[in-house]
J.: 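Quick one: structure below, then a few questions.
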Amino acid sequence: MEALYAARQDSSGPKYYALVEFPYPSGQGLHVGHLRPYTALDVIARKRRMEGYNVLFPMGWDAFGLPTENYAIQTGIHPKDVTRTNIANFKKQLSMMGYSFDWGREIDTTDPNYYKWTQWIFLKLFEAGLAYKKETPINFCTSCKVGLANEEVVGGVCERCGGKVVRRTKNQWMLKITEYAERLITDLDMVNYPERVKASQLNWIGKSTGAQVSFSLANGQDSIDVFTTRPDTLYGASYMVLSPEHPLIEKYIGQISNASQVEAYQLEASKKSDFERSEVSDGKTGVRLEGFDAINPVSHETIPIFISDYVLMSYGTGAIMAVPGHDDRDYEFAKAFNLPIIEVVSGGNLEESAFTDTEKGVIVNSPLINGLSVDEAKAKMTAHLEDKGIGQAKVNYRLRDWVFSRQRYWGEPIPLVWCEACGWVPIPEAELPLLLPELSSFQPGEDGESPLHNLPEWFNTTCPKCGHPALRETDTMPQWAGSSWYFLRYTDPSNNESPASPKALDYWMNVDWYNGGMEHTTLHLLYSRFWHKFLFDIGVVPTPEPYDKRTSHGMILGPDNQKMSKSRGNVINPDDVVKAYGTDTLRTYVMFMGDFEKTAIWSEDGVRGAKRFLDRVWAASELVVAGNGYSKKLEANFHNTIKKVGDDCEVLKFNTAIATLMKLLNDIYEAKSLTQHDYKTFLALLSPFAPHLAEELWMDQGFKGYACESAWPQYDPDKTLGDDIEIPVQINGKLRDKVIVAKDATDEEVKLAVWESEAVIRALEGKTVTNEIYIGSKIYNIVAK
RNA sequence: GCGGAUAUGGCGGAAUUGGCAGACGCACUAGACUUAGGAUCUAGCGCCGCAAGGUGUGGAGGUUCGAGUCCUCUUAUCCGCACCA
């Protein structure tokens with residue numbers, strides 16, 4: 001059976017690449033949450049095969065990662081063995097579900113033949129200057145003992161384990177995803193993603209356009225750069241605020257008369273966790289740097305400088321110009337410190353609040369730009385700043401570079417060597433893969449060092465460049481590394497010369513349809529787009545974007561309307577459901593349970609409903625009579641169903657596709673018989689959802705070959721309407737009757753039929769008809785007073 | 001605060017370009033059959049009403065022959081981001 005699902009090697013015929021996110025093979029096994037996306041794309045893959053496409057529908061294992069390592073720490077079992085066991089279990093469960101994966105292309109991110117190329121891509125990034133090591137404040141999970149990317153911190157806790165996250169300074173490998181920020185935005189136009197996914201990515205990248213402006217210090221010795229989106233309000237900048245960590249404070253601390261007060265505030269701010277810092281607080285705190293002022297570059301007024309923790313070192317320049325009249329936070333700060341509020345955009349009431357409306361305002365009190373609109377003033381002021389050499393147009397992004405190293409064992413070793421003389425040196429390509437060494441204890445050091453740090457025989461090496469003693473990098477890559485390019489490997493999974501051959505990539509890329517969870521929108525989805533763009537730039541892949549179409553499924557909640565979790569005891573195990581009801585019932589139920597994109601609640605009664613439907617499909621074989629054509633009574637019904645099931649699957653409406661099949665089955669029972677031809681059509685339509693049942697009945701009927709290899713049924717648009725049609729008749733928009741007329745009845749004939757209706761005549765008693773509207777074969781509305 | 005979405009029976013959910021609101025399933029009610037079952041079959045099932053009929057898609061307006069669908073305002077819930085300058 002499996003060979004049926006293998007993608008053809010010959011690159012013949014139109015291709016279709018359907019992809020689902022490969023699972024992390026956890027010890028808990030397959031979760032019902034996996035079933036929704038996997039079943040949905042299995043349905044699509046099966047339908048595409050029946051439509052004649054050469055389909056690639058692969059599966060693999062995203063097997064590096066923390067839970068396995070933590071399990072190894074607890075039990076002493078090697079992560080490699082844990083992974084092997086878990087994969088075997090997952091594979092058994094996926095097979096049980098009848099998914100038509102092409103197992104001949106299975107990949108595993110922990111396989112050296114795979115991670116060889118993950119390391120190779122990293123080296124290319126390094127050579128291109130996109131990987132760099134930096135002493136950087138990182139998010140450190142106190143429970144996993146590991147540094148996290150910003151994307152992995154959710155609500156101040158670790159995205160994976162929920163542990164407390166603190167700030168730590170650590171020398172980390174970073175990837176310059178920010179260099180691709182603009183293209184990650186603009187190229188969203190090239191792809192078909194849901195609006196919510198695009199919006200999330202745009203939001204995450206957080207582009208803002210404005211100007212960088214230089215403020216001279218009153219001491220004449222230096223200047224402070226700020227970023228602003230409102231250069232039009234520069235005349236209203238009546239003070240400045242620096243982040244407590246701003247380096248200038250350190251430099252000029254001697255000139256600040258209240259230095260001790262300033263240092264006390266700095267200490268206070270440093271104690272707050274990053275999460276507390278970014279929480280919107282009610283009041284604004286801060287300290288003025290006494291005796292240390294700046295000069296507004298256009299009004300030339302001397303203005304005070306403050307430090308406050310509402311200014312973040314990590315965004316912009318770590319310093320702002322404050323325009324209390326036209327920024328809510330500055331307004332609040334100015335009120336708290338009794339600072340003057342200057343109106344430079346008229347239209348609001350500064351007694352009450354800052355005026356931030358950029359549409360309606362007109363510039364005032366600003367000699368260079370008075371009378372202009374906000375937009376005009378922005379442009380003119382920016383030009384002025386550039387002219388005088390004190391500022392320029394500037395774009396800022398919220399996106400930060402990607403913290404790429406982890407102080408853990410179970411990940412891809414970073415293939416670099418530190419040499420005192422040569423710096424960081426990549427290991428030669430011929431030495432890839434750099435194997436993860438065997439280890440007996442996986443405990444990370446309390447100081448947060450990688451377990452590989454305990455292996456001098458491994459990390460002591462020689463410099464590939466100069467031959468002197470050198471040290472291997474002991475950090476490993478994050479779990480996101482392996483999944484950032486895995487879709488490429490499926491096209492050519494055992495290639496030993498490149499990640500995948502150009503020929504295979506030319507034929508199979510892009511992924512035509514990629515379904516995955518919303519939780520990966522700003523993580524995996526963004527990271528893999530970044531890597532793909534880089535690989536495109538260096539000529540490895542033929543396209544600038546990896547995925548043509550992305551869809552996202554909703555979560556499945558437990559029967560108690562709560563998120564499934566072991567502690568709540570509301571977890572549904574697919575094995576149990578299959579045992580009790582069978583694979584096809586589970587597949588059908590999961591597709592029928594609700595809108596694919598929305599959250600759905602598990603209902604065992606619903607599962608029974610799906611079972612009842614399939615039992616009735618089986619029992620309908622009793623009604624089959626010989627015949628090559630459609631049963632007359634059911635012909636229009638079949639043409640409609642073929643159209644609806646086909647169309648619905650394409651737009652993720654699996655629930656209504658199944659409902660249509662249920663309705664047709666009800667009508668078959670009402671008709672009391674159907675031809676063999678009809679039954680065959682029905683089984684073909686059902687086969688993507690319930691493949692086992694469909695094949696069995698297919699064989700019972702003596703049909704040739706397999707249902708899954710038969711041609712997807714075709715419909716005739718002219719036959720979707722029966723010979724007679726029913727026209728609803730409304731009077732003043734209210735339904736009064738329905739009349740039945742021939743499909744090709746003329747307007748006159750319809751009118752006659754309507755006026756023969758007793759219900760219509762009764763309803764019109766004592767009224768005057770003023771208008772009659774007939775919308776061809778749809779509705780007849782009489783307007784009467 | 002910004003961005004995205006959602007709101008329809010007892011429940012999950014349907015409803016092409018504005019055109020029969022509640023498809024399909026579940027639950028429930030009544031009945032049939034019986035090997036008494038978590039089985040199957042038949043009928044019913046938005047709300048009010050015996051009925052005729054009225055009424056009904058979070059709320060208030062509007063456009064239209066006709067609005068769950070379009071427009072304006074509003075309320076609630078969920079998700080993402082958030083002192084981002």
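Within every chain, numbering begins at 1; the chains are lettered A, B, ... in the order of the sequence lines, protein sequences first and strands thereafter.
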J.: Among B:C83, B:C24, B:C84, which is the nearest nucleotide to the side chain of A:K284?
T.: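 Given the options B:C83, B:C24, B:C84, the side chain of A:K284 is closest to B:C83.
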J.: Is the closest side-chain donor-acceptor distance between A:S208 and A:Y315 under 3.5 Å?
T.: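 Yes, because at least one side-chain N or O of A:S208 sits under 3.5 Å from a partner of the opposite role on A:Y315.
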J.: Do A:H326 side-chain atoms and A:T233 backbone N/O form a donor-acceptor pair below 3.5 Å?
T.: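 No, because the side chain of A:H326 does not come within donor-acceptor range (under 3.5 Å) of the backbone of A:T233.
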J.: Would A:Y589 and A:W602 count as a ring pair (Phe, Tyr, Trp, His ring centres under 6.0 Å) here? Give the steps.
T.: CA-CA 10 Å; A:Y589 172 64; A:W602 186 268; 5.0 Å; yes
J.: Does B:U55 have OP1 or OP2 under 4.0 Å away from a side-chain N or O of A:K734?
T.: yes
J.: OP1 or OP2 of B:A85 less than 4.0 angstrom from a side-chain nitrogen or oxygen of A:S208, does that happen here?
T.: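 For B:A85, OP1/OP2 do have a side-chain N/O of A:S208 under 4.0 Å.
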J.: Taking a pair as Watson-Crick or G-U wobble with both distances under 3.5 Å, which nucleotide is matched to B:A82?
T.: none
J.: In terms of base orientation, is B:G9 syn or anti, with the syn window spanning 90° either side of 0?
T.: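 Syn.
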J.: Looking only at side chains, do A:E182 and A:Y397 share a donor and an acceptor under 3.5 Å apart?
T.: yes
J.: Reading RNA chain B from 5' onward, which residue's closest nucleotide shows up sooner: A:D330 or A:R608?
T.: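 It is A:R608, whose closest nucleotide lies nearer the 5' terminus.
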J.: Going by atom types only, do A:Y235 and A:E343 share a side-chain donor-acceptor pair under 3.5 Å?
T.: no
J.: Whether A:R329 contacts B:G1 is assessed here as follows: a side-chain N or O lying under 4.0 Å from the phosphate OP1 or OP2. Is that the case?
T.: no
J.: At less than 3.5 Å, do the side-chain atoms of A:D605 and the base atoms of B:C26 form a donor-acceptor pair?
T.: no
J.: Out of B:C41, B:C20, B:G4, which nucleotide sits closest to the side chain of A:L735?
T.: B:C20
J.: With the side chain of A:E726 defined as its heavy atoms from C-beta on, choose the nearest nucleotide among B:C20, B:G38, B:A14.
T.: B:C20
J.: Do the side chain of A:K738 and the base of B:C20 come within less than 3.5 angstrom through a donor-acceptor pair of N or O atoms?
T.: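 Answer is yes: a donor-acceptor pair is held.
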J.: Quick check on B:C26: is either OP1 or OP2 less than 4.0 Å from any side-chain nitrogen or oxygen of A:R612?
T.: yes
J.: Given B:C20, B:C24, B:C83, identify the nucleotide with an atom nearest to the side chain of A:Q730.
T.: B:C20
J.: Does A:R762 make a side-chain N or O approach to OP1 or OP2 of B:G53 shorter than 4.0 Å?
T.: yes
J.: Under a 3.5 Å cut-off for both distances, is B:G46 Watson-Crick or wobble paired, and to whom?
T.: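 WC or wobble partner is B:U55.
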J.: Check for a donor-acceptor pair, side chain of A:R36 on one end and backbone N or O of A:G554 on the other, with a separation under 3.5 Å.
T.: yes
J.: Can you work out whether A:N203 or A:V197 has the more 5'-proximal nearest nucleotide on RNA chain B?
T.: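 Comparing both residues, the 5'-ward one is A:V197.
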J.: A:N732 near the nucleic acid: base, sugar-phosphate alone, or nothing, with a heavy-atom cut-off under 4.0 Å?
T.: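 Answer is nothing: A:N732 stays at 4.0 Å or more from every strand.
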J.: According to a strict under-4.0 Å criterion, is A:R398 in side-chain N/O contact with OP1 or OP2 of B:A82?
T.: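 For A:R398, the contact criterion (side-chain N or O under 4.0 Å from OP1 or OP2 of B:A82) is met.
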J.: Suppose you measure atom C1' in B:G46 against the same atom in B:U42; what distance do you get, rounded to whole Å?
T.: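 B:G46 and B:U42 have their C1' atoms separated by 23 Å.
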J.: So which nucleotide does B:U6 pair with, by the Watson-Crick or G-U wobble rule with both distances under 3.5 Å?
T.: B:A76
J.: Just compare B:C24, B:A85, B:C81 and give me whichever is closest to any side-chain atom of A:W204.
T.: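 Of all the options, the side chain of A:W204 is nearest to B:C81.
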J.: Provide the Watson-Crick or G-U wobble partner of B:U63, both distances under 3.5 Å; none if there is no partner.
T.: none
J.: Is B:A23 paired to anything, Watson-Crick or G-U wobble with both distances less than 3.5 Å, and if yes, which nucleotide?
T.: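 With both distances under 3.5 Å required, B:A23 matches none.
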J.: Please tell me which of the listed nucleotides, B:C24, B:A14, B:C20, lies nearest to the side chain of A:K653?
T.: B:A14
J.: With a 3.5 Å cut-off and just heavy-atom distances, do the side chain of A:K778 and the base of B:C20 make a donor-acceptor pair?
T.: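 Under the 3.5 Å cut-off, the side chain and the base do not form any donor-acceptor pair.
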